[in-house]
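Okay, structure first, notes after.
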Amino acid sequence: LNRYLTSWNNWEDPSSGHFAYGVARSNIPEMQIWNGSSVFYRSGPWSGFRFSATPTLKRRSLVNINFVDTTEESYYQLFPRNRSLVIRTVVNQTVFALQRFIWDEVTQNWKLDLLIPRDDFCGYNQCGSFGFCTEKDNSSVCGCLRGFEPKSPQNRGAKNSTHQGCVQSSKSWMCREKNIDGFVKMSNMKVADTNTSWMNRSMTIEECKEKCWENCSCTAYAN
């Protein structure tokens with residue numbers, strides 16, 4: 001049984017639209033927004049107090065969040081800290097976002113409390129294979145991982161890189177060579193989509209590194 005929040009088709013037509021929001025059951029469940037069958041946005045895995053790639057609230061949140069993940073089920077709960085608060089959450093197909101509103105008794109209007117994703121967000125797979133996306137000056141910019149360059153020749157050397165992904169810049173891919181190859185630490189990155197990942201909840205990060213090194217098709221490890 002899967003339950004989703006689904007957008008209206010348009011402002012006059014309340015039949016189901018193309019955008020939906022819900023729990024994606026992969027190796028590490030997360031919240032996702034879909035445009036039809038395509039992933040539009042992913043929250044990143046649950047960190048214990050919030051989804052790792054959702055906006056950090058600058059003030060004390062008006063709600064408590066709970067995420068439950070067991071072998072039987074995964075679900076997401078939201079509780080107002082003040083029981084008198086009235087909260088409404090919608091998927092808005094016009095602005096392509098999930099919006100959370102809180103009723104303001106003083107103005108007698110709905111006040112926007114949360115917008116996911118933000119206007120400057122990096123879209124799902126926006127920078128392609130071996131590319132990464134950063135948010136700078138209210139816009140998203142693509143770059144290539146170290147040792148890679150833009151796949152499209154006309155974009156090589158350009159700061160905004162390419163949306164077509166990146167390729168190795170020096171040598172053809174071979175199995176790892178002990179004294180030449182290694183892993184590069186990437187900080188403040190969203191953990192990759194775990195649909196094609198292998199996971200072991202009891203393994204240490206060093207054990208994970210060793211396991212990845214032994215497998216030439218393993219491109220990265222994380223905890």
Side-chain angles (χ1 to χ4, degrees), residues 1-47 50-57 63 65 67-69 73-78 87-102 110 112-145 150-152 155 160-166 188-197 219-220:
L1 174 66
N2 292 311
R3 291 193 177 100
Y4 306 99
L5 286 180
T6 307
S7 67
W8 282 19
N9 201 33
N10 57 54
W11 288 110
E12 287 79 32
D13 181 3
S15 62
S16 296
H18 297 296
F19 273 74
Y21 174 75
V23 179
R25 288 302 302 265
S26 52
N27 283 327
I28 305 174
E30 61 183 4
M31 306 303 294
Q32 289 185 354
I33 298 175
W34 296 274
N35 181 3
S37 59
S38 302
V39 178
F40 175 74
Y41 169 84
R42 46 184 294 267
S43 68
W46 180 251
S47 67
R50 71 180 180 96
F51 292 101
S52 58
T54 54
T56 303
L57 299 177
V63 298
I65 295 172
F67 185 69
V68 175
D69 176 35
E73 60 184 352
S74 295
Y75 60 89
Y76 168 61
Q77 294 174 303
L78 183 145
I87 297 174
R88 179 167 65 98
T89 304
V90 298
V91 179
N92 189 326
Q93 188 154 313
T94 304
V95 296
F96 308 121
L98 179 83
Q99 296 174 311
R100 188 170 75 207
F101 297 94
I102 293 179
W110 290 103
L112 183 64
D113 180 62
L114 185 67
L115 179 71
I116 296 176
R118 301 182 304 276
D119 292 336
D120 58 347
F121 93 110
C122 295
Y124 181 78
N125 199 29
Q126 180 173 319
C127 298
S129 300
F130 302 107
F132 65 91
C133 183
T134 57
E135 295 168 1
K136 187 177 182 182
D137 300 326
N138 295 321
S139 62
S140 53
V141 178
C142 287
C144 290
L145 298 175
K151 191 175 183 180
S152 179
N155 285 314
N160 63 345
S161 186
T162 173
H163 289 203
Q164 298 173 13
C166 305
N188 300 316
M189 303 290 281
K190 185 189 294 188
V191 176
D193 192 324
T194 60
N195 276 324
T196 57
S197 300
T219 54

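This structure is a prediction, so every number in the text was calculated from the model and none was measured.
- The shortest side-chain heavy-atom distance between Trp34 and Val39 falls under the 4.5 Å cut-off.
- Nearest heavy-atom pair across Tyr75 and Val23 is CA-CG2, 4.4 Å.
- Contact record, Phe19 with Ile33: CD2-CG2, 3.7 Å, taken as the closest heavy-atom pair.
- Atom OH of Tyr21 and atom OG1 of Thr89 lie 8.0 Å apart (nearest 0.5 Å).
- Taking CG of Leu98 as the start and OG of Ser7 as the end, the distance is 11.0 Å to the nearest 0.5 Å.
- With rounding to the nearest 0.5 Å, the separation of CZ in Arg100 from CG in Leu112 is 9.5 Å.
- Proximity of a side-chain donor or acceptor of Asn35 to a complementary backbone N or O of Ser38 within less than 3.5 Å is not detected.
- In plain terms, the two heavy atoms of Leu115 and Ala97 that are nearest each other are CD1-CB, 3.5 Å.
- Both cation-pi conditions hold for Lys190 and Tyr41: the charged atom is under 6.0 angstrom from the six-membered ring centre and inside a 45 degree cone around its axis.
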Practice task
Report the C-alpha distance between Phe101 and Val90 in whole Å, list the side-chain angles of each, state the deciding distance to 0.1 Å, and finish with yes or no for side-chain contact (heavy atoms from CB on, under 4.5 Å).
Solution key: CA-CA 8 Å; Phe101 297 94; Val90 298; 3.9 Å; yes

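- Separation of atoms CG (Leu78) and CD1 (Ile65) is listed at 6.0 Å; rounding is to 0.5 Å.
- Between the Gln93 side chain and the His18 main chain, a donor and an acceptor come within less than 3.5 Å of each other.
- The two residues Thr6 and Ser16 come nearest to each other via the heavy atoms CG2-CB, 3.9 Å.
- In this structure, Asn92 and Val95 approach most closely via the heavy-atom pair OD1-N, 3.3 Å.
- Side chains of Met31 and Phe67 form a contact here, defined as non-hydrogen atoms less than 4.5 Å apart.
- Here the two cysteines Cys166 and Cys144 have their SG atoms closer than 2.5 angstrom.
- Distance check: Asn10 CG to Trp8 CH2 gives 9.0 Å after rounding to the nearest 0.5 Å.
- Cys127-Cys142 SG separation is under 2.5 Å; the pair is scored as a disulfide.
- Using bins of under 30°, 30° to 60° and over 60° for the plane-to-plane angle, the ring pair Phe40/Phe96 lands in the tilted bin.
- To the nearest 0.5 Å, atom CZ of residue Arg42 and atom CD of residue Glu30 are 4.0 Å apart.
- A pairwise comparison of heavy atoms in Ala20 and Val91 identifies N-CG1, 4.4 Å as the closest pair.
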